[in-house]
Amino acid sequence: MSSGASGSARTRYAILGCGSVGHAVAEDLTGRGKDVLILDRDESRVEALRDQDLNARVQDIADPDVVEALDDRDIVLILASDVEANKAAVSAVRDTGGDHYVVVRASDPVSEDELRERGADVVINPSTVIADSALQSLETGELEYMARQLAEIIEGGDGRMAILTHDNPEPDSIASATALQAIAGAFGVEADILYTGDVGHQENRAFVNLLGIDLVARSEAPDLSEYGTVAAVDLAKSAEDGFDFDVDIDIYLDHLEAEVPFDARFVDVRTNVSSTSTILTKYLQEFDQSPTEAVATALLYGIRAETLDFKRDTTPADLTAAAYLHPFANHDTLEQVESPSMSPETLDVLAEAIQNREVQGSHLFSTAGFIRDREALAQAAQHLLNLEGITTTAVLGIADDTIYLAARSKDIRLNIGNVLDEAFSEMGDAAGHSTQGSLEIPLGIFTGIESSGDNRDTLLNLTEEAVRRKLFDALGVEGGGESGNGS
């Protein structure tokens, strides 16, 4: 190949071995206006190719002299059904120092390895290609089938739909519920998004407020039995002890397997994606529903939040869903959601947590003292996770005679929600999953002292020491009784 070729030069192709596969590739490339040379040892086949106005020559591709015909070619596709001839052709190209880009056909895994060893850039095994195509068709067909089932349940409901999020809902759960609400609306069914707990993190509150998402607290909503259809999205994170509802669930969608199987009329759990928002995006596409700006923005943020902006456990399906949503989303709103203003209370809590941090290995524990806004603890724990060398954080605060702890982790070997549950479940309420957790403990359990102005410092010190020791022990940190501020 000429060393003087520039990036703007027209790419030139050679196809060695023109059976049914080579012929199909030649026709496609020629149809796109590409410069294609075909080499095949069968004279009658070459004559037939010429009759179709294809540039074909008689040449035994197993002959080392084949390289002489490839001097002006850039990409060489070796596609004969005779794998031994293909091996010889690859060797001929590479033994003469040719720098062509070589794509070659194999016959089985063994020949795949041999062809790579001989210098092929890409090796194609028809059996693998057919299997991949069959699986892709199966996946498409399965989605079509499930979409029909989902539509039947939505349309068959008598009255409004209730869509349940997980406790203290996060962006992925809220976004998924918002998309399912839009899908139901397209079928003429109105839906309420119901939640328990709080929408506490300031980014989550900004997310809901800026996009105008209408969430209804379970305590203020009608009883679930009054809804015609009940759906649940993204509940596995907050349901490790099982699901306890007063009515049967009709629809369940999630990207995580719950420890206790979910019983519903329609269940779609896909562990091969990293967010439930990805699943709902696929349903929007299957129903041929273009998302509104608000729905697209919500889903895109849900995917980004669940994958840590595509830095954690991201799958090709998450990326293609995000690419589909990108042109529909409002990116100014996304920027506002991801960079909300910090309240003075949050700033105070973060400052206290930074000052009081104690580090053991890659684990950080800190206390923010007596607080007014317990949600600020979660934000402090998230910020401290950005410190160099830190993989797990926990920030403690006291409010209303209750000890609150927010924890975050990016250690793939650790489930911080389980750690809190195992360490403190007999004392208080622990919840969470692999990357985050929360804890509430009545203050008197650790100290037996009532909070007052005279003993606040003593109370805080006793509480901090007891929780820190127990947490570090649960994390398996050696020397859990020692501490340092990591300065």
Q: What residues form a ring-ring contact (aromatic ring centres under 6.0 Å, His included) with F328, not counting sequence neighbours?
A: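 If we apply the ring-ring contact (aromatic ring centres under 6.0 Å, His included) test to F328, skipping adjacent residues, the hits are Y324.
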Q: Donor-acceptor pair, N55 side chain versus L37 backbone, under 3.5 Å?
A: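 No: the side chain of N55 does not pair with the backbone of L37.
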Q: Would you list the atom pairs, donor with acceptor, under 3.5 Å between side chains in residues 78-91 and any protein atom, with sequence neighbours excluded?
A:
| unit_1 | atom_1 | unit_2 | atom_2 | d |
| --- | --- | --- | --- | --- |
| D82 | OD1 | E84 | N | 3.1 |
| D82 | OD1 | A85 | N | 3.3 |
| E84 | OE2 | K87 | NZ | 3.2 |
| N86 | OD1 | A80 | N | 3.4 |
| N86 | ND2 | A80 | O | 2.8 |
| N86 | ND2 | R105 | O | 3.1 |
| K87 | NZ | E114 | OE1 | 3.0 |
| K87 | NZ | E114 | OE2 | 3.2 |
| S91 | OG | K87 | O | 3.2 |
| S91 | OG | R118 | NH1 | 3.1 |

Q: Checking D313 now: which residues fulfil side-chain contact (heavy atoms from CB on, under 4.5 Å) with it, not counting sequence neighbours?
A: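 Listed in chain order: S274.
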Q: How would you list, by chain and number, every residue that makes a side-chain contact (heavy atoms from CB on, under 4.5 Å) with D309, sequence neighbours excluded?
A: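 If we apply the side-chain contact (heavy atoms from CB on, under 4.5 Å) test to D309, skipping adjacent residues, the hits are R304, K311.
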Q: Taking atom CG of L77 and atom CD1 of I75, what is their separation to the nearest 0.5 Å?
A: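 Between L77 CG and I75 CD1, I get 7.0 Å after rounding to 0.5 Å.
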Q: Would you say T391 and S362 are linked by a side-chain donor-acceptor pair, where the criterion is simply a distance under 3.5 Å?
A: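 The answer is yes; a qualifying pair exists.
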Q: If you measure from CG on L211 to CD1 on I174, what distance do you get to the nearest 0.5 Å?
A: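 Reported to 0.5 Å precision, the distance equals 10.0 Å.
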Q: Just jot down the side-chain contact (heavy atoms from CB on, under 4.5 Å) partners of E422, sequence neighbours excluded, or say none.
A: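 Once residues adjacent in sequence are excluded, the partners of E422 under the side-chain contact (heavy atoms from CB on, under 4.5 Å) criterion are N418.
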Q: Could you pull out all residues at least two apart from R41 that satisfy salt bridge (Lys or Arg N to Asp or Glu O under 4.0 Å)?
A: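 Testing R41 for salt bridge (Lys or Arg N to Asp or Glu O under 4.0 Å), a comparison that skips the adjacent residues, returns none.
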Q: Using a 3.5 Å distance criterion without hydrogens, assess whether the side chain of S173 forms a donor-acceptor pair with backbone atoms of P169.
A: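 Not a single qualifying donor-acceptor pair exists.
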Q: Could you tell me if T320 and K282 have a donor-acceptor pair between their side chains, going purely by distance under 3.5 Å?
A: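 Side-chain D/A pair, K282 to T320: present.
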Q: Whether the side chain of D234 engages the backbone of T276 through a donor-acceptor N/O pair (distance < 3.5 Å, no angle test) should be reported.
A: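 Absent.
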Q: Restricting to non-hydrogen atoms, name the atom on I416 and the atom on T392 that form the minimum distance, rounded to 0.1 Å.
A: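 Reported closest heavy-atom pair: CD1-CG2, 3.9 Å.
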Q: What verdict does the side chain to side chain contact (heavy atoms under 4.5 Å, CB included) test give for V122 and V104, after you've listed the backbone C-alpha separation in whole Å, the side-chain angles of each residue and the deciding distance to 0.1 Å?
A: CA-CA 6 Å; V122 175; V104 61; over 6 Å; no
Q: Can you name the nearest heavy-atom pair linking R57 to A69, along with the distance?
A: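 Heavy atoms only, the tightest pair is NH1-CB, 4.1 Å.
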Q: With the side chain counted from C-beta on, respond yes when F472 and H363 share a heavy-atom pair under 4.5 Å apart, and no when they do not.
A: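 SC-SC contact between F472 and H363 confirmed.
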Q: Identify, with sequence neighbours excluded, every residue that meets salt bridge (Lys or Arg N to Asp or Glu O under 4.0 Å) alongside R265.
A: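 Listed in chain order: D250.
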Q: So, Q336 and H331: side-chain donor and acceptor under 3.5 Å apart, yes or no?
A: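 Short answer, no.
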Q: Taking distance alone, no hydrogens or angles, what donor-acceptor pairs closer than 3.5 Å link side-chain atoms of residues 284-295 to residues at least two apart or in another chain?
A:
| unit_1 | atom_1 | unit_2 | atom_2 | d |
| --- | --- | --- | --- | --- |
| T292 | OG1 | V295 | N | 3.2 |
| E293 | OE2 | N330 | ND2 | 3.2 |

Q: For S277 versus S176, what's the shortest heavy-atom pair and its separation?
A: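 Scanning both residues, the minimum pair turns out to be N-OG, 3.3 Å.
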Q: Near Q149 CD, under 6.0 Å, is it more than 12 heavy atoms from other residues, nucleotides or ligands?
A: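 Counting other residues, nucleotides and ligands, CD of Q149 exceeds 12 neighbours.
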Q: Do D192 and I163 come close enough that some side-chain heavy atom pair is under 4.5 Å?
A: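 When only atoms from C-beta onward are counted, I163 and D192 do not touch, as no gap falls below 4.5 Å.
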Q: Kindly write out the residues that satisfy salt bridge (Lys or Arg N to Asp or Glu O under 4.0 Å) with D60, not counting sequence neighbours, or none if the list is empty.
A: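 In terms of salt bridge (Lys or Arg N to Asp or Glu O under 4.0 Å), with neighbours along the sequence ignored, D60 is linked to no residue.
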Q: Taking the side chain as every heavy atom from C-beta outward, state whether I15 and V25 have any pair of such atoms under 4.5 Å apart.
A: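 Touching, per the 4.5 Å side-chain cut-off.
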Q: Apply side chain to side chain contact (heavy atoms under 4.5 Å, CB included) to V76 and Y101, showing your working.
A: CA-CA 6 Å; V76 178; Y101 190 82; over 6 Å; no
Q: I'd like to know if D35 and R12 make a salt bridge, using a cut-off of under 4.0 Å between side-chain N and carboxylate O.
A: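 The answer is no: the pair does not qualify as a salt bridge.
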Q: Could you please spell out the steps behind the side chain to side chain contact (heavy atoms under 4.5 Å, CB included) verdict for L471 and L475?
A: CA-CA 6 Å; L471 178 61; L475 288 168; 4.1 Å; yes
Q: Between S275 and T278, is any side-chain donor less than 3.5 angstrom from a side-chain acceptor?
A: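 Looking only at side-chain atoms, T278 and S275 do form a donor-acceptor pair, the distance falling under 3.5 Å.
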Q: How far does CG of L210 sit from CG of D332, to the nearest 0.5 angstrom?
A: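 So the CG of L210 and the CG of D332 are separated by 11.0 Å.
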Q: With a sphere of 6.0 Å drawn around CG of D51, does it hold more than 12 non-hydrogen atoms of other residues, nucleotides or ligands?
A: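 Yes, the 6.0 Å shell around CG holds more than 12 heavy atoms from other groups.
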Q: Step by step, work out the side chain to side chain contact (heavy atoms under 4.5 Å, CB included) result for I183 and Y283.
A: CA-CA 8 Å; I183 289 171; Y283 275 114; 4.0 Å; yes
Q: Going by atom types alone, do S409 and D411 pair a side-chain donor with an acceptor below 3.5 Å?
A: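 S409 vs D411: no donor-acceptor pair found between side chains.
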Q: Which pair of non-hydrogen atoms, one from A177 and one from T165, has the smallest distance, and what is that distance?
A: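 Where A177 meets T165 most closely, the heavy atoms are CB-CG2, 3.9 Å.
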Q: With rounding to the nearest 0.5 Å, note down the distance linking CD in E257 to OG1 in T271.
A: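 Going from the CD atom of E257 to the OG1 atom of T271 covers 6.0 Å.
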Q: Side chains of H100 and D74: does their closest heavy-atom pair fall under 4.5 Å?
A: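 Answer no - side chains too far apart.
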Q: Do L16 and I38 come within less than 4.5 Å of each other through their side chains, counting heavy atoms only?
A: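 Contact flag for L16/I38 side chains = no.
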Q: If you count the non-hydrogen atoms of other residues, nucleotides and ligands that lie under 6.0 Å from CD in E142, is the total more than 12?
A: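 Counting other residues, nucleotides and ligands, CD of E142 stays at 12 neighbours or fewer.
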Q: Look up atom CZ in R148 and atom CD1 in I153, then write down how far apart they are to the nearest 0.5 Å.
A: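 Answer rounded to 0.5 Å: 13.5 Å.
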Q: How would you list, by chain and number, every residue that makes a salt bridge (Lys or Arg N to Asp or Glu O under 4.0 Å) with R32, sequence neighbours excluded?
A: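 In terms of salt bridge (Lys or Arg N to Asp or Glu O under 4.0 Å), with neighbours along the sequence ignored, R32 is linked to D28.
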Q: Side chains of L49 and H23, heavy atoms from C-beta outward: is any pair under 4.5 Å?
A: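 Yes, close enough: below the 4.5 Å cut-off.
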Q: If a pair satisfies salt bridge (charged side-chain N to carboxylate O under 4.0 Å, His left out) and one of its residues is in residues 119-131, list it, with sequence neighbours excluded.
A: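 For residues 119-131: R94-D121.
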Q: OG1/T315 to NE2/H255 distance, rounded to the nearest 0.5 angstrom?
A: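 With rounding to 0.5 Å, OG1 (T315) is 10.0 Å from NE2 (H255).
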Q: Indicate yes or no: at least one non-hydrogen side-chain atom of M161 is less than 4.5 angstrom from one of I154.
A: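 Yes, close enough: below the 4.5 Å cut-off.
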Q: Do you know the tightest heavy-atom contact between A323 and P327?
A: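 Closest approach of A323 to P327: O-CD, 3.4 Å.
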Q: With a 4.0 Å cut-off, would you call R270 and D268 a salt bridge?
A: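 Salt bridge between R270 and D268, a charged N being under 4.0 Å from a carboxylate O: yes.
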Q: List for me each residue that meets side-chain contact (heavy atoms from CB on, under 4.5 Å) alongside V58, sequence neighbours excluded, and say none if there are none.
A: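 With sequence neighbours excluded, V58 shows a side-chain contact (heavy atoms from CB on, under 4.5 Å) to E43, V46, given in chain and number order.
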Q: Can you confirm if the aromatic rings of F207 and Y301 lie within a centre distance of less than 6.0 Å?
A: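 Yes: the rings meet the under 6.0 Å criterion.
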Q: Looking at every non-hydrogen atom in both residues, tell me the closest pair between V419 and A474 and how far apart they are.
A: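 Closest heavy-atom pair between V419 and A474: CG1-CB, 3.9 Å.
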Q: So does E27 get a backbone contact from the side chain of T30, meaning a donor-acceptor N/O pair under 3.5 Å?
A: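 Not confirmed, T30 side chain does not pair with E27 backbone.
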Q: Please tell me if the side chains of V395 and L405 come closer than 4.5 Å, counting only heavy atoms from C-beta onward.
A: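 Answer no - side chains too far apart.
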Q: So, does H383 use its side chain to make a donor-acceptor pair with the main chain of L350 at under 3.5 Å?
A: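 Absent.
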